[in-house]
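Written out below as structure tokens is the structure these notes cover.
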Amino acid sequence: MDSNNNGAHSAIAKKAKEDRFQAHDYYLIDELLDDDHLLARDAVRTWVKQEVSPIIEEYAERAECPAHLFKGLAEIGAFGPSLPVEYGGGGMDEMAYGVIMQELERGDSGIRSMASVQGSLVMYPIYKYGSEEQKRKYLPKLGSGELIGCFGLTEPDHGSNPAGMASRVKDDGDAYILNGAKMWITNSPVADIAVVWAKDEEDKVIGMIVEKDMKGYSAPEIHGKWSLRASVTGELVFEDVRVPKANVLPGVRGMRGPLSCLSKARYGIAWGAVGAALDCYDSALRYSQERIQFGKPIGQFQLTQKKLAEMITEITKAQLLVWRLGKLANEDRATPAQISMAKRNNVAMALEVAREARQIHGGMGITNEYPIMRHMMNLESVVTYEGTHDIHLLITGMDVTGFNAFS
Amino acid sequence: MKLLVCVSKTPETTAKIAFTNDNTEFDSSGVQYIMNPYDEWYALVRALELKEAQGGSVTIIHVGPAANDTIIRKGLAIGADEAVRIDAEPPSALYVARQVAEYAKNENFDIVFLGKESIDYNGSEVGPMLAEMLGLPFVSHATRLEMEGNKAMIVADIDGGDAQLEVETPFVISAAKGLAEQRIPNMRGIMMAKRKPLKVVEPVEAEGLAVAVRFELPPEKGDVKLIDPENMDELVRLLHEEAKVI
């Protein structure tokens, strides 16, 4: 590693430990947001600076989930903010949900994932497809963080093709007997309940709320991830689990159920990716102004400027994309294909920004003195989960041509 | 208890400070504004804590144009019950004090809170002027405030130590770091704030008296000069001739 300028280097490193993030709004998009969006964003940004930034590198390094943050996420209102207040939500609009996800992911994709799963993949399906009794029973406790939930759709042999799932239920009077296994389930080892999708005897997909103390339920943790290390991921294994029929979500049958949840979560990811990109850009911009080589700040060199200029250009485009998507979502007009386009574009953009930012940081960019490498590794999951980069491309392809190229 | 908290608007702490029009005006282009942290973190939160413990209401008051409503909404989101905005761009601290006094004089507040200073001009002027206009006692730089009936026990920062003070309501108090801990508004609070009353009041005639004529930024820091440890004479020469400190 470079040995010049050691004094200045360690001074820079020391400063990096505090979260000096400043937002970047090149096209004055803030002017397009309402007061409550700005307040929500400001509140979550403050929370992230106080609660996430000081501890996140350590937890990521130890591959440990900062489970105490579930309570804080609930208190700030990050679980289901766009659901009605009477069901444990915040009564906000989709734009507010977006800016909250952006700020959480600015801190860490894993922390955003904790909130995405609880809100979009657990609270949302219960709210949308659950009975009144299920809503009253589960939603307030999920909103307050008293209960943690997870979402079981993906299986070891069925990732991009969830409709091929092998998990099944058999009718047994007042209950279903559930058998099967789910894989890559965020929060499953710490979850109290799981929203699980399985096929019934007519081959139709149904959703059900499975509780962790039901006999035959287990949720082993997946170890060895080089990504989302501060978020816990596991399997769900069901061996003759007796799920009361009262736990089945009555409002939906078929793949539309889980896919509508994924649309909600993907919408949040499209926003979240902007947050991760902003954090990388912000750090790289500051570093380029402070790091001296050949007698001047590296930001004075054209190749550094090219990187930074392209980064802020791509971030600005992504910000405009999610702002428009937020407007459409508020009017309930955002199509799944539009959401796919934004998720795919923004996550790929964030990954590219992280890689360029890593280069600007030189050797320091690979250390945990800076957030870059953590974001970059996280984004490798984000570009794959909730529909891979390639699958989203095929969704756009199908949407514009009318031809299905999946199978 | 009926509590009033005065809140002002200041540039965000990392804002780049510059002046325009031949250094006569603050250059606000590209500057993000926040609620003055001493007003928000300490004055407002301590007022809310007293209300939560003893009942009553917390009103926030701000002198400024409609563009500052976001800052007022934040105060409501943190927990204030209602807000009053005096609709004027204030030219001076005296003007602000006059407007707040005019509103507060018939409202019988038990305690009027404000931050010990705003983080931009650091004037600490509004508090004492307001107390004088209302004919109330003033306690500044409070780091602790406990109530027993209508008696307040206050610890205040003074140079090199603390002062312990007692005062009876009504009074005006300025808040320093330590009086309370910052509260982050949650999403429910932000939504509830939309439904809380924000009353807009026309200003009364008031003079500014003092006018800011010109601003100067502090001189830029010079380069660091490294001197060989053996070369003491050169160090002494530089301290004497260039730094002019010896």
Side-chain angles (χ1 to χ4, degrees), chain A residues 7-8 11 18-26 28 30-31 33-51 72-86 88-93 96-97 99-100 103 115 119 140 143-145 282 286 292 295, chain B residues 7 9-17 28-37 40-41 44-45 60 62 64-80 83 85 180-196 198 220-221 223-227:
Chain A
E18 52 179 288
D19 183 351
R20 295 198 286 158
F21 175 75
Q22 285 178 46
H24 300 272
D25 180 19
Y26 201 77
L28 311 180
D30 276 9
E31 291 174 12
L33 299 174
D34 297 341
D35 274 1
D36 44 327
H37 305 139
L38 298 176
L39 283 171
R41 193 186 56 188
D42 180 51
V44 179
R45 186 174 296 162
T46 306
W47 182 81
V48 165
K49 283 197 175 191
Q50 287 182 4
E51 304 293 330
L73 284 164
E75 276 166 13
I76 190 116
F79 293 155
S82 55
L83 296 184
V85 172
E86 56 173 320
M92 306 187 97
D93 64 8
Y97 175 59
V99 300
I100 293 167
E103 289 308 314
S144 69
D282 179 61
R286 197 173 306 112
I292 311 289
Chain B
V7 301
K9 179 188 87 162
T10 59
E12 198 249 331
T13 49
T14 57
K16 289 208 166 57
I17 303 301
S28 61
S29 57
V31 173
Q32 303 273 339
Y33 288 94
I34 57 170
M35 196 191 308
N36 179 38
E40 181 193 326
W41 300 355
L44 173 59
V45 176
I60 52 178
H62 172 76
N68 299 358
D69 280 354
T70 317
I71 281 156
I72 297 172
R73 289 277 171 218
K74 185 176 188 190
L76 295 170
I78 293 170
R85 180 169 61 78
E181 268 185 41
Q182 180 187 7
R183 281 190 190 177
I184 302 174
N186 64 20
M187 299 311 133
R188 229 174 263 191
I190 289 168
M191 294 313 281
M192 274 163 67
K194 290 173 103 164
R195 293 193 294 273
K196 289 179 179 174
L198 196 173
E220 278 192 40
K221 281 184 194 158
D223 288 341
V224 175
K225 280 190 181 159
L226 294 174
I227 298 155

Taking atom [atom1] of [X] and atom [atom2] of [Y], what is their separation to the nearest 0.5 Å?
X        : Y       : atom1 : atom2 : result
B/Thr70  : A/Leu33 : OG1   : CG    : 11.0 Å
B/Arg73  : A/Leu38 : CZ    : CG    : 13.5 Å
B/Ile184 : A/Leu39 : CD1   : CG    : 13.0 Å
A/Gln22  : B/Thr13 : CD    : OG1   : 8.5 Å

Is it true that the side chains of A/Gln50 and B/Gln182 contain a donor and an acceptor less than 3.5 Å apart? yes

Decide yes or no for A/Asp36 and B/Lys194: does some side-chain heavy atom of the first lie under 4.5 Å from some side-chain heavy atom of the second? yes

[X], part contacting chain B, at a heavy-atom distance under 4.5 Å:
X       : result
A/Asp34 : neither
A/Leu28 : neither
A/Asp25 : neither

Mark yes or no for whether B/Asn186, through its side chain, and A/Glu75, through its backbone, hold a donor-acceptor pair below 3.5 Å. yes

Pick whichever of A/Gly89, A/Ala96, A/Ala23, A/Pro81 has the most heavy-atom pairs under 4.5 Å with chain B. A/Gly89

Minimum heavy-atom distance A/Ala43-B/Met187, with the two atoms named: CB-CE, 4.3 Å

